[in-house]
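Notes to accompany the following structure.
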Amino acid sequence: MTQDELKALVGQAALAHVVPGSIVGVGTGSTVNKFIDALAGIRDRIAGAVSSSQQSTARLEAHGIRVFDGNEVEHLPVYVDGADEIDHRGFMIKGGGAALTREKIVADLADRFVCIADASKLVGTLGAFALPVEIIASAQAQITRRFAALGGQATLRAGVLTDNGHPLLDVRGLSITDPLGLETEINQWPGVVSVGIFARHKARVCLLGTADGVRTLE
Ligand code: 5RP
């Protein structure tokens, strides 16, 4: 199976986690696009979606799925999103698609994070994928120095601003053995809007696309 087929497989499998009649939290990325396409098939059985990006909003609306603002809902039963890396504990690196801040905001509304990913995303230790960090531009140099002190090399993602209008750093060279601790520490640094470590908002279940079908990690 191709990577694209594996993404379609888990996108379809995630429908089993959607609560009928509810508003669904929807992430961002090529795997989530497959989920959105699958969701279109049951659009009459859901109330709508809260989206984590302009990209996902456009795709949802093109399928005739109503998109609610996050401020309109108090909680969501389920949030479905992809990951750049996920470990066996459900801790993730996210933000490869620059949507990390809104992804965390929507994940925070949800009772349950359902991660969908192809098998290449499963790792022993997070950090081989460069860690995305959304920042306030005037803090770039200081945040870069802070990462250097931790052994990380931060570079600006050229030509990219988030949906919130902020730049992003990608940090290479970190071996993230304590995702919860590092997320907490980076969140304290002035100028960090959000860090792409999802430890406090980890996946409760991961649907992993493998050559043998969907493997569920809980
Ligand atoms: C976007 C994300 C995505 O979930 C992550 O980049 C995975 O994307 P894809 O499904 O295209 O591999 O965090 O900010």
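All ligand and atom numbering here is 1-based and tracks the order in the structure.
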Go through ligand 1 atom by atom and flag the ones less than 4.0 Å from a non-hydrogen atom of Gly95.
2 (C), 13 (O), 14 (O)
Do other residues, nucleotides or ligands put more than 12 heavy atoms under 6.0 Å from the CZ atom of Arg215?
no
For Thr144 and Ala154, indicate whether the former's side chain and the latter's backbone hold a donor-acceptor pair under 3.5 Å.
no
Shortest protein contact, atom 12 (O) of ligand 1 (heavy atom only):
Lys121 NZ, 2.7 Å
Within the 4.0 Å heavy-atom shell around Ala98, which atoms of ligand 1 are there?
14 (O)
Just to confirm my output: which protein heavy-atom neighbour is closest to atom 4 (O) of ligand 1, and how far is it?
Lys94 NZ, 2.9 Å
Distance-only N or O hit between ligand 1 and Gly29, under 3.5 Å
no
I need the atoms of ligand 1 closer than 4.0 Å to a non-hydrogen atom of Ala99, numbered in the order shown.
14 (O)
Before signing off on this row, confirm whether Val32 and ligand 1 have an N or O atom pair separated by under 3.5 Å.
no
re atom 6 (O) of ligand 1, the protein heavy-atom contact at minimum distance is Asp84 OD1, 2.6 Å
For the residue pair Pro132 and Gly95, what are the closest heavy atoms and their distance?
CG-C, 3.5 Å
Provide, to 0.1 Å, the distance between atom 9 (P) of ligand 1 and the closest protein heavy atom, together with that atom's residue and name.
Ser30 OG, 3.3 Å
With a 4.0 Å cut-off, would you call Arg59 and Asp37 a salt bridge?
yes
Atom 2 (C) of ligand 1: the protein heavy-atom neighbour that sits closest, reported with distance to 0.1 Å
Glu103 OE2, 3.3 Å
Could you tell me the residue and atom name of the protein heavy atom closest to atom 10 (O) of ligand 1, and the distance to it rounded to 0.1 Å?
Thr31 OG1, 2.5 Å
For the residue pair Ser52 and Thr28, confirm or rule out a side-chain donor-acceptor distance under 3.5 Å.
yes
Please tell me whether Ser194 and Thr101 have a donor and an acceptor in their side chains that are separated by less than 3.5 angstrom.
yes
Would Thr2 and Asp4 count as having a side-chain donor-acceptor pair, cut-off 3.5 Å?
no
Residue pair Ile86 / Cys115: nearest heavy atoms and the distance that separates them
CD1-SG, 3.9 Å
Sub-4.0 Å atoms of ligand 1 with respect to non-hydrogen atoms of Asp81
4 (O)
Residue-ligand contact Gly27/ligand 1, heavy atom below 4.0 Å:
no
Taking the side chain from Glu85 and the backbone from Gly127, do they hold a donor-acceptor pair closer than 3.5 Å?
yes
Pick out which of Lys104, Glu134, Lys94 makes a side chain to side chain contact (heavy atoms under 4.5 Å, CB included) with Val195.
Lys104
Check each atom of ligand 1 against the heavy atoms of Gly82 and keep those under 4.0 Å away; list them by number with element.
4 (O)
Taking atom 3 (C) of ligand 1 as the reference point, the nearest protein heavy atom with its distance
Thr28 O, 3.2 Å
Looking only at heavy atoms, is any part of Ser53 under 4.0 Å from ligand 1, and if so is it the side chain, the backbone, or both, or is it neither?
neither
Do Leu15 and Leu39 have side chains that get closer than 4.5 Å, going by heavy atoms?
yes
Answer with side chain, backbone, both or neither: which part of Ala117 has a heavy atom less than 4.0 angstrom from an atom of ligand 1?
neither
